[in-house]
Student: 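One structure follows; several queries about it will come next.
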2 protein chains.
Amino acid sequence: MATFDAPFTPVEPVRAYQRVAEQIEERILSGELPPGSRLPGERDLVSQFGVGRSTVREALRVLQSAGLIRSRPGDPLGAEVLGVSADNLSQALGRLTRSHLCSLGELIQFRMVLEAESNRLAARLRTEDDLTRMAGLIERMRSLTGAGAGLREFSETDALFHQAVAEASRNALLGLCARAVHDAVVEIIEHKIANVADATAWMARSIDHHEQVLAAIRAGDAPHAAQLARRALHAYYADHVEPASRPLLTAALEEE
Amino acid sequence: MATFDAPFTPVEPVRAYQRVAEQIEERILSGELPPGSRLPGERDLVSQFGVGRSTVREALRVLQSAGLIRSRPGDPLGAEVLGVSADNLSQALGRLTRSHLCSLGELIQFRMVLEAESNRLAARLRTEDDLTRMAGLIERMRSLTGAGAGLREFSETDALFHQAVAEASRNALLGLCARAVHDAVVEIIEHKIANVADATAWMARSIDHHEQVLAAIRAGDAPHAAQLARRALHAYYADHVEPASRPLLTAALEEE
DNA sequence: GCCAGTCCACTGGTCAGACCAGTTGATTTC
DNA sequence: GAAATCAACTGGTCTGACCAGTGGACTGGC
């Protein structure tokens with residue numbers, strides 16, 4: 001009788017806190033526990049799951065580190081369900097970079113790819129609704145240029161514009177990942193952003209860029225829309241990346 | 001005296017387990033605790049950090065759910081440091097999909113973008129070393145075609161080929177993310193993979209595809225290399241995605 | 001009737017101590 | 001020398017306790 005080659009997969013023991021975390025995660029991902037809803041208190045969960053409080057707490061810790069819930073001492077309503085977000089992605093990307101498993105240049109290059117693709121698809125698939133929404137966001141950005149302290153709100157509107165483009169591209173994942181990479185980047189070089197001296201100039205250039213992108217998307221010029229994203233990111237970040245990886249960044253500029 | 005606009009950022013309390021986790025994570029990311037090294041036992045950490053064991057355990061739980069460490073009961077050496085990997089990324093991507101925040105179609109489309117870009121860059125930047133390594137991996141895949149039970153090893157070699165392409169593209173991040181998306185995809189539709197009936201045919205087609213990719217990369221034909229990745233993924237997965245998002249997938253096929 | 005202040009039940013965060021099952025390596029036995 | 005045994009660990013889990021903080025109920029004065 002012949003023996004099988006690899007018929008059995010190794011079985012690893014499942015910890016109690018894992019089963020608890022899985023059950024809760026399942027209900028969150030399935031939508032049964034929508035964002036904003038509350039989990040029972042820890043002592044309630046203890047009796048519901050039939051495990052000790054430390055087990056429940058370790059499960060909640062896992063869920064919290066995954067960004068699915070948030071708990072606050074003294075809250076009689078219990079932990080709050082946050083739902084799935086891109087936070088976890090950007091956290092993972094930040095770890096990759098901080099551990100030197102990938103460089104800042106690779107992060108920028110990656111963002112070039114994502115935003116270019118987002119723009120390209122948006123140029124092809126955008127509806128009139130998408131266009132008016134984007135135009136409105138640019139208008140709002142312009143109105144925020146005058147106020148001195150509106151830089152935070154400006155960046156927020158900027159992010160909304162990118163999200164609108166992502167929606168127009170009909171691929172939310174591209175937008176989510178681009179956002180995650182963006183967050184990871186600013187986490188790394190945030191000190192450079194705080195330079196308020198040329199903030200007005202930066203905002204003006206940013207608005208100009210967004211208008212070009214919108215024009216290309218409106219015209220349905222996919223290659224140009226993609227190229228705009230690449231060029232803008234390269235121009236903005238090329239000086240910040242390590243000199244060694246600068247040529248690689250430039251290599252990702254042209255597409256054909 | 002004027003009041004500031006938003007001079008203060010809200011301060012959230014830092015839990016003890018967070019500080020513990022941060023300290024350990026810092027040492028792992030900085031390379032001070034390389035993969036394969038061991039953490040002290042929990043009771044040692046208790047005395048080193050001056051906190052209770054539950055606090056230490058919650059910190060370890062966070063690190064473990066981030067894929068940075070792995071612990072095993074009864075191990076006298078303590079928890080093992082795993083280092084940063086793409087596991088966390090694929091886990092996050094899988095959550096996004098399972099929560100219907102993005103569809104399987106978007107995942108496939110995303111993978112098309114990543115692998116296409118990987119191939120494109122590899123076609124431009126590959127060295128002779130890269131080419132011989134890839135050729136060797138294809139040869140190994142061909143040698144695994146005969147053996148009946150080598151499907152697992154075949155997939156492994158497949159992954160190694162993609163990793164070699166990613167290395168040739170000089171952007172590890174692209175490869176890591178492509179791998180993460182790949183894992184997320186197989187996690188979702190793994191039941192389709194187990195069909196061993198046409199495994200040989202599938203392997204033959206796979207080898208054929210990889211040879212075409214290698215040829216394009218060798219020739220430095222970046223657009224063709226990119227197009228090959230797009231077409232192959234579309235051909236392989238188009239039937240598996242929801243019919244509604246099939247046209248979107250097709251829209252991502254052509255590039256210009 | 002309304003609002004401020006007080007108070008108390010309860011929350012999550014932390015700790016201490018205990019037990020268990022499992023691993024490991026030294027010890028004993030053949 | 002090899003195999004069985006054992007004891008000192010490990011991480012996983014449970015219990016019970018305390019603390020600082022929260023929020024709602026209660027109470028007082030107006």
Side-chain angles (χ1 to χ4, degrees), chain A residues 8-25 27-28 33 35-83, chain B residues 8-25 27-28 33 35-83:
Chain A
F8 296 123
T9 52
V11 48
E12 72 274 25
V14 183
R15 320 284 178 214
Y17 76 88
Q18 281 179 347
R19 284 197 297 265
V20 172
E22 278 164 17
Q23 279 197 49
I24 301 178
E25 177 174 345
R27 297 218 183 178
I28 294 178
L33 286 171
S37 62
R38 300 305 187 109
L39 255 47
E42 293 181 0
R43 290 161 177 87
D44 273 3
L45 294 173
V46 165
S47 59
Q48 286 189 37
F49 284 107
V51 297
R53 186 144 95 101
S54 49
T55 301
V56 165
R57 283 183 59 74
E58 288 183 25
L60 294 180
R61 210 86 294 150
V62 170
L63 296 175
Q64 187 168 35
S65 81
L68 291 174
I69 65 170
R70 174 178 51 186
S71 59
R72 197 170 47 109
D75 192 339
L77 293 167
E80 181 184 2
V81 175
L82 294 178
Chain B
F8 297 122
T9 51
V11 48
E12 73 273 23
V14 183
R15 321 282 179 218
Y17 76 88
Q18 281 179 346
R19 284 197 297 265
V20 172
E22 278 164 17
Q23 279 197 49
I24 300 178
E25 176 175 345
R27 296 218 184 180
I28 294 179
L33 286 171
S37 61
R38 300 306 187 110
L39 256 47
E42 293 182 0
R43 290 160 177 89
D44 272 3
L45 293 172
V46 165
S47 59
Q48 286 188 36
F49 284 107
V51 298
R53 185 144 95 102
S54 50
T55 301
V56 164
R57 283 184 59 75
E58 288 183 25
L60 293 180
R61 211 85 292 152
V62 171
L63 296 175
Q64 185 169 37
S65 80
L68 291 175
I69 65 170
R70 172 178 53 184
S71 58
R72 198 169 46 108
D75 192 338
L77 293 166
E80 180 184 3
V81 175
L82 294 178

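Numbers restart at 1 for each chain; the letters A, B, ... are given by sequence-line order, proteins then strands.
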Student: When rounded to the nearest 0.5 angstrom, what is the spacing between CG in Leu39(B) and CG in Leu68(B)?
Tutor: 10.5 Å

Student: Rounded off to whole Å, could you give me the CZ-to-P distance for the Arg15(B) and dT11(C) pair?
Tutor: 16 Å

Student: Can you measure from CG (Leu45(A)) to CZ (Arg57(A)) and round to the nearest 0.5 angstrom?
Tutor: 11.5 Å

Student: Just the atom pairs and distances: protein N or O near nucleotides 16-27 of chain C's N or O, under 3.5 Å.
Tutor:
from    : atom 1 : to       : atom 2 : distance (Å)
dA18(C) : N6     : Arg53(B) : NH2    : 3.3

Student: Drop me the distance from Leu33(A)'s CG to Arg27(A)'s CZ, to the nearest 0.5 angstrom.
Tutor: 7.0 Å

Student: Do Leu60(A) and Glu42(A) come close enough that some side-chain heavy atom pair is under 4.5 Å?
Tutor: yes

Student: Measure CZ/Arg38(B) against C1'/dT10(D) and give the value in whole Å, please.
Tutor: 12 Å

Student: Are any of the side-chain heavy atoms of Leu63(A) and Glu25(A) separated by less than 4.5 Å?
Tutor: yes

Student: Rounded to the Å, how far apart are Leu77(A) CG and dC10(C) C1'?
Tutor: 12 Å

Student: With no hydrogens and no angle check, do the side chains of Ser54(B) and Ser54(A) hold a donor and an acceptor under 3.5 Å apart?
Tutor: no

Student: Could you identify which residues of residues 55-67 of chain B place a heavy atom less than 4.0 Å from some atom of DNA chain D, listed by residue number, or say none?
Tutor: Arg57(B), Arg61(B)

Student: Search all heavy atoms of Val51(B) against all heavy atoms of Val56(B) and return the closest pair with its distance.
Tutor: CG2-CG2, 3.6 Å

Student: Given atom CD of Gln18(B) and atom C1' of dT14(C), what is their separation to the nearest angstrom?
Tutor: 14 Å

Student: Provide, to the nearest angstrom, the distance between the CD atom belonging to Glu42(A) and the P atom belonging to dC14(D).
Tutor: 14 Å

Student: Closer than 4.0 Å, any side-chain N/O of Ser71(B) to the OP1 or OP2 of dT10(D)?
Tutor: no

Student: For residues 13-24 of chain A, dump all side-chain donor-acceptor pairs below 3.5 Å to protein atoms at least two apart in sequence or in another chain.
Tutor:
from     : atom 1 : to       : atom 2 : distance (Å)
Tyr17(A) : OH     : Arg61(B) : NE     : 3.3
Tyr17(A) : OH     : Gln64(B) : OE1    : 3.2
Gln18(A) : OE1    : Arg15(A) : N      : 3.3

Student: How long is the line joining CG of Leu45(A) and C1' of dG12(C), in whole Å?
Tutor: 12 Å

